[in-house]
Structures are given as structure tokens and as C-alpha cells.
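Nothing fancy with the numbering, it's 1 onward along the sequence. Quick caveat: nothing in here was measured; it's all calculated off a predicted structure.
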Amino acid sequence: MVTNMPPAPSLVVVPDTGHSHDAADQRCSYSRLRDRWTLKADCELTAALELPANTSLDGEGHTITLTGDAERFGSAAIRASGADVVKLTVDGSKLLPCAPTYFAAITLAAPGRISDTTVRDVRFAGSPHSAVGIEIAAFGYAATVLQDVTLDNVSGVGLLLIGDGQVTIERVRSNNVTSVVHIGGMVAATLSDAELVGSRVDVLAQDQSRVRITNTSSMGERIAEDEAIIHQDTLVFIGAGGRGQGRRRTMTGTGQNRLI
């Protein structure tokens, strides 16, 4: 038996309640083809964008500007599950400065991929750790890839990785981010070809997480806590249960590790 289904709409407009729009303040609209949403133009967002399961978001080089009180978005502005987010800029410069309890510009439940994406100007007064650029939840040993990601001016964590899966991070650029990569749980991560500028902490690994760093330039601290381990080329950072005891190690001329 053949069932005729109505065709999917070619244009999806995400409702944005409680906010008056003028000609220069348009709701975000997308063209939709199967499981791919493509952003039509630069736009403003004042409530959370929930992507359907397994739907990918293609920004086409456009910018979504987050506007208003961060608490109105709940825990995250853009939420994806098992999806790709590509060619998108998320701008938080129009968010109110009051610090929310917790806020991430983008959250992705693995598996999935984020590439050619920028998160910028997400800053709040007060608590320095309530802002997160991109959160990856990788459970069930799922894998996620982040490539060509830029994090600029985030007053908290740039990349937050949680779960027990695998996360590959390639070609990340950060500027003025408090803590660039924060890894927890049992995540196994690799960080390569990164340029990290103006951060207090480059990598913070906690719990039983593992991270290997290659070809990365930075000036911030690398910290391993609890049972976490950070490898950098031939160097090993081993935590001893406290942030002050598992800090950055380097090689001496004799090939031995020393704490600095």
C-alpha cells in the first residue's frame, strides 16, 4: 500500500515570542531539504533554537545574534542532537550582561560535527564560569569532530566536553577566552593545530578524561585533576587530585619532567 504524504515546507520560520521586530530585526528563517536546515540571512534570536533530532544546521556564512536575557534561552541558545553545525557565526554581543546560572551558545549531543563555526562575544558580569561557547555531550562512546572553530571573547569556557566518548578537535583558534578546553567524565580527546591566545587556562582535564595535544601554541596553563591525564607530544601531565598539584610540566635538558 502506498501512502501519499504531504510535501515538507521549503521554508521554516522559528517563532520568536515576546519580542517586537522592526525591519532590521528579523526572525531566523531557514530553507529545509530533508534533514538539513540552511540559514537564509543574518538574524537575531531571543529564544532557544531546538533542532529536530538528526537535523543539520548550515549557516551559509551567516550570523545568528543572540539578543536579550540569557535566562530566556534556558541552558543553551542552539541545541542539536546527532547533527552537524557548519559555516555559522553565533554572536552574543546583544545579550544582557547579567550572569545566568548556566548558558551555552551551542550544545551538541554526539555523534556529530561542528566545522567552520565561530562563537564570539559571550560575556557576563559576575560569575566568570557561567558562559560556555560550545558544549559537547558525548555519551555511549559516541564520536564528535570539531574543525576550524573560532572562539573569541568568551568569559568562561570555550569548549566544554563531557561524557565517555571520543572528541577530535582540529584547528581551533581562541582569543580572550577564560578557559579554552574543559574536559570531564571519561572523554578521550585530541587537540591539534590550535592557536590559543589570551586564556588563563588552555586545557583543564578532570575526572578520568584523557587528552592528547599536538602542534598547539599557547601561553595559558594546562591542568590535570583527579585521574585525568594530559599528553603533549612526549610530555605527560598527571593530576594528583588537586588543581595546584597537577599543573603544567615541561622537559629539562636531561629529559626529565619537572613541575613549573
Side-chain angles (χ1 to χ4, degrees), residues 14 28-32 35-45 48-52 54-67 70 73 75-95 103-123 131-138 142-162 165-183 187 189-197 199 216:
V14 177
C28 296
S29 61
Y30 310 83
S31 61
R32 187 176 71 178
D35 56 356
R36 190 177 190 87
W37 287 21
T38 301
L39 189 63
K40 301 292 288 183
D42 293 353
C43 62
E44 292 191 359
L45 193 68
L49 170 61
E50 299 269 4
L51 293 172
N54 304 314
T55 297
S56 296
L57 174 61
D58 185 347
E60 278 285 295
H62 296 300
T63 298
I64 291 179
T65 300
L66 310 179
T67 304
F73 292 89
S75 61
I78 299 173
R79 306 172 187 177
S81 179
D84 298 339
V85 178
V86 301
K87 299 178 182 177
L88 178 67
T89 294
V90 180
D91 186 306
S93 60
K94 291 190 176 182
L95 289 169
F103 176 85
I106 301 173
T107 59
L108 172 63
R113 176 174 63 98
I114 296 178
S115 65
D116 298 302
T117 293
T118 295
V119 176
R120 68 190 184 202
D121 298 327
V122 181
R123 302 193 66 84
V132 176
I134 299 173
E135 177 185 341
I136 303 296
T144 303
V145 176
L146 292 92
Q147 296 174 316
D148 301 297
V149 170
T150 299
L151 304 163
D152 186 20
N153 201 29
V154 178
S155 66
V157 177
L159 301 176
L160 176 62
L161 317 178
I162 59 173
Q166 296 182 344
V167 181
T168 300
I169 308 168
E170 300 175 343
R171 299 181 300 279
V172 172
R173 307 292 179 264
S174 75
N175 180 58
N176 196 27
V177 177
T178 305
S179 179
V180 182
V181 182
H182 189 154
I183 308 167
V187 170
T190 60
L191 174 65
S192 62
D193 300 297
E195 295 180 7
L196 315 179
V197 179
S199 57
T216 292

Task: Shortest non-hydrogen contact from Val119 toward Ala105 - done: CG1-CB, 3.8 Å
- [ ] Please tell me if the side chains of Phe73 and Ile78 come closer than 4.5 Å, counting only heavy atoms from C-beta onward.
- [x] no
- [ ] Show your reasoning for whether side chain to side chain contact (heavy atoms under 4.5 Å, CB included) applies to Cys28 and Leu39.
- [x] CA-CA 7 Å; Cys28 296; Leu39 189 63; 4.3 Å; yes
Open item on the list: Taking Asp58 first and then Lys87, would you say they form a salt bridge - that is, a charged N and a carboxylate O separated by under 4.0 Å?
Closed with: no
Task: Any Thr55 side-chain heavy atom under 4.5 Å of Leu57 side chain - done: no
Task: CA sep, side-chain torsions, deciding dist, call: Asp152, Asn175, side-chain hydrogen bond (donor to acceptor under 3.5 Å, both in side chains) - done: CA-CA 5 Å; Asp152 186 20; Asn175 180 58; 3.3 Å; yes
Task: Contact check, side chains of Leu49 and Trp37, non-hydrogen atoms, under 4.5 Å - done: yes
Task: Closest non-hydrogen atom pair between Ala80 and Leu51, with its separation - done: CB-CD1, 3.8 Å
TODO: Could you give me the CA-CA distance, side-chain angles and deciding distance for Val132 and Val122, then say whether side chain to side chain contact (heavy atoms under 4.5 Å, CB included) is met?
DONE: CA-CA 8 Å; Val132 176; Val122 181; over 6 Å; no
TODO: Check whether any side-chain heavy atom of Cys43 sits under 4.5 Å from a side-chain heavy atom of His62, and report yes or no.
DONE: no
What side-chain donor-acceptor pairs closer than 3.5 Å can you find for residues 107-117, not counting sequence neighbours?
from: Arg113; atom 1: NH1; to: Ser115; atom 2: OG; distance (Å): 2.8
from: Thr117; atom 1: OG1; to: Ser115; atom 2: O; distance (Å): 2.9

Task: side-chain hydrogen bond (donor to acceptor under 3.5 Å, both in side chains) contacts touching residues 75-85 (sequence neighbours left out) - done: Glu50-Arg79
Open item on the list: Is it true that, when you exclude Gln166 itself, more than 12 heavy atoms of the residues, nucleotides or ligands shown sit nearer than 6.0 Å to its CD?
Closed with: no
- [ ] Report yes if the side chains of Arg173 and Val149 come closer than 4.5 Å at any heavy-atom pair, otherwise no.
- [x] no
Open item on the list: If the condition is side chain to side chain donor-acceptor pair (under 3.5 Å), which residues does Asp193 pass it with, not counting sequence neighbours?
Closed with: Asn215
- [ ] Heavy atoms only: give me the nearest Ala189-Ile183 pair and the separation to one decimal.
- [x] CB-CD1, 4.1 Å
TODO: State, with a plain yes or no, whether a side-chain heavy atom of Ile64 is found less than 4.5 Å away from one of Asp91.
DONE: no
- [ ] Check whether any side-chain heavy atom of Ile136 lies under 4.5 Å from a side-chain heavy atom of Leu159, and answer yes or no.
- [x] no
TODO: Locate the shortest heavy-atom distance separating Leu196 from Val180; write the atom from each residue and the value.
DONE: CD2-CG1, 3.8 Å
Open item on the list: With a 4.5 Å cut-off on side-chain heavy atoms, are Val90 and Ile106 touching?
Closed with: yes
Open item on the list: Can a side-chain donor-acceptor contact be found between Asn54 and Asp35 if the only test is distance below 3.5 angstrom?
Closed with: no
